[in-house]
Amino acid sequence: MGGRVLSAALLVAACSLSVTPAWAVTPEEKAAAEAQFDEGLKLLKAGNYETAAKKFESSQRVEPGIGTLLYLGECYEKMGRTASAWATFREAASMAQAAGQADRARIGTQRADRLTDKLSKWTIEPAPSQSSLDGLEVSSDGKPISKSLWGTAVPVDPGEHVLTVSAPGHRSAELRVSVGAGAPPQTVQLPVLEVLPPEATPAAAGGGAVVASTQGPPADEVSDGSGQRTAGLVTAGVGVVALGVGAAFGFIAIDNNNQAIKQGCSTISCPANAQGVDEANAARDAATVSTIGFIAGGVLVAAGAVFYFTAPDAPTTARLHVTPTLGGAALSFGGTFQ
């Protein structure tokens, strides 16, 4: 008899006027909520509690109602989610009490009280060294757990839960906790979060500033010096070419100067009426080009050597020698390749 009375009371509660939300509900939204409620009721009677609960949840979000909560609590209870059912029945009783609906308030209270002794509870305890860590957050199955509930035994649905712990500047951690139905209260000690290295620490939220790392690049990004060594060899090669040009024009200058001497000029000057004036001028021009070539070539060869030998982690041990010779220079290169 008691079961029939309770079922009848739930049916009356579900069919009575619902407590409407403070915001306006469009006719389309109201119709959708009603349809979801009706579908949820059919699924509940058919024993499909999980899908029925989803329908009642959707209906409740759009058009909150005491009857919807009572049916939703029944679904949770059938699914073994004792904590969710207990909280939902208490919420329904509170809403009914505020609305002056004594019968519904009594039903909600009775259903909640019936589950009190069956509740599983846990206490979330942060690591002592990080209990006052700024920005420390804990969530269970993706839903945040208020800091005010830490250290307090609170009801929790039986089953496996995934706790996620995070804090700015620290590596997030996950903890899987299995809660038994009607098990004694348990304390869950959260893990100590690992501090992230400076380059992995994100900028403070809303700060708009990024702190640059003072550490060097990762090992796999450090240059092996091959590019610098190649540039050194190319530079030295251009210098060798310039030395060759200087040597060639040096020979031309010597040849022109010899011709000028044969035609009445000396090594210092050339009389205006001498026949070797043109050869003397050509010798001076060639000598100038030769000098420029030797200077530029020497500078480039020296720069190339600096580039090469200052390259980091050089895979070769090499030596570059520039030996002055008559009218030019000799370049020698050698070493041991690893």
Side-chain angles (χ1 to χ4, degrees), residues 2-26 28-122 139-146 149 154-161 179 181-182:
R4 291 196 295 271
V5 172
L6 181 58
S7 299
L10 285 175
L11 183 59
V12 171
C15 296
S16 301
L17 293 175
S18 301
V19 178
T20 57
W23 59 90
V25 178
T26 65
E28 291 80 5
E29 291 173 330
K30 182 177 177 62
E34 292 289 346
Q36 287 175 323
F37 175 85
D38 293 340
E39 184 65 22
L41 189 57
K42 293 178 182 178
L43 292 167
L44 173 61
K45 292 179 179 179
N48 192 343
Y49 306 120
E50 184 173 354
T51 307
K54 293 179 181 179
K55 296 294 182 180
F56 289 132
E57 288 170 348
S58 298
S59 177
Q60 182 70 10
R61 280 194 296 267
V62 176
E63 190 178 16
I66 300 171
T68 307
L69 284 177
L70 290 172
Y71 276 121
L72 180 57
E74 184 175 351
C75 289
Y76 288 152
E77 183 178 4
K78 296 291 187 180
M79 295 164 61
R81 296 176 56 181
T82 51
S84 295
W86 176 80
T88 304
F89 285 136
R90 285 174 61 90
E91 182 182 357
S94 178
M95 288 179 61
Q97 188 68 34
Q101 301 180 24
D103 289 342
R104 286 181 164 185
R106 177 178 53 80
I107 294 170
T109 301
Q110 289 177 347
R111 298 296 295 271
D113 290 344
R114 193 171 69 184
L115 294 172
T116 301
D117 294 337
K118 300 179 182 180
L119 292 175
S120 301
K121 296 183 179 181
W122 67 9
S139 64
S140 174
D141 303 322
K143 298 178 181 179
I145 300 177
S146 173
L149 298 178
V154 296
V156 60
D157 287 335
E160 186 176 84
H161 300 273
V179 179

Worksheet entry | Leu44 vs Glu74 side-chain heavy atoms within contact, under 4.5 Å |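 They are in side-chain contact.
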Worksheet item: Are side-chain heavy atoms of Lys54 and Gln36 found at a separation under 4.5 Å?
Response: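 A side-chain contact under 4.5 Å is absent here.
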Got a second to check how far [X]'s [atom1] is from [Y]'s [atom2], nearest 0.5 Å?
| X | Y | atom1 | atom2 | answer |
| --- | --- | --- | --- | --- |
| Cys75 | Glu57 | SG | CD | 9.0 Å |
| Glu91 | Leu72 | CD | CG | 9.0 Å |
| Thr116 | Arg111 | OG1 | CZ | 12.5 Å |
| Tyr76 | Phe56 | OH | CZ | 11.0 Å |
| Glu29 | Glu63 | CD | CD | 10.0 Å |
| Asp157 | Trp86 | CG | CH2 | 11.5 Å |

For [X] versus [Y], what's the shortest heavy-atom pair and its separation?
| X | Y | value |
| --- | --- | --- |
| Ile145 | Ser140 | CD1-CB, 3.7 Å |
| Thr88 | Gly73 | CG2-N, 3.7 Å |
| Leu119 | Thr82 | CD2-O, 3.7 Å |
| Ser120 | Gly182 | OG-N, 3.0 Å |
| Gly108 | Leu70 | CA-CD2, 4.0 Å |
| His161 | Val179 | CD2-CG2, 4.0 Å |

Discussion item. Checking side-chain contact (heavy atoms from CB on, under 4.5 Å) between Tyr49 and each of Glu77, Met79, Arg81, which is the one that passes?
Written reply: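 Single side-chain contact (heavy atoms from CB on, under 4.5 Å) partner of Tyr49 among Glu77, Met79, Arg81: Met79.
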Practice prompt. Quick one: sort the Phe37 and Tyr71 rings into parallel, tilted or perpendicular, breaks at 30° and 60°.
Written response: perpendicular
Worksheet item: Do Arg106 and Asp103 pass the side chain to side chain contact (heavy atoms under 4.5 Å, CB included) test, and can you show the C-alpha distance, the side-chain angles, and the key distance before you say yes or no?
Response: CA-CA 5 Å; Arg106 177 178 53 80; Asp103 289 342; 4.0 Å; yes
Worksheet item: Side chains of Arg61 and Ser58: do they bring a donor and an acceptor to under 3.5 Å?
Response: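 Indeed, the side chains of Arg61 and Ser58 share at least one donor-acceptor pair under 3.5 Å.
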Worksheet item: Can a salt bridge be assigned to the pair Lys55 and Glu39 using a cut-off of 4.0 Å between side-chain N and carboxylate O?
Response: no
Item to complete: Please answer whether the main-chain N or O of Ala105 pairs with a side-chain N or O of Thr109 as donor and acceptor at a distance below 3.5 Å.
Response: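 Yes; judged by distance alone, with no hydrogens or angles, the pair exists.
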Practice prompt. Run the numbers on Val156 and Lys121 for side chain to side chain contact (heavy atoms under 4.5 Å, CB included), then give the verdict.
Written response: CA-CA 5 Å; Val156 60; Lys121 296 183 179 181; 5.6 Å; no
Worksheet entry | Residues, nucleotides or ligands: over 12 heavy atoms within 6.0 Å of Gln97 CD |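 Open: at most 12 neighbouring heavy atoms sit under 6.0 Å from CD of Gln97.
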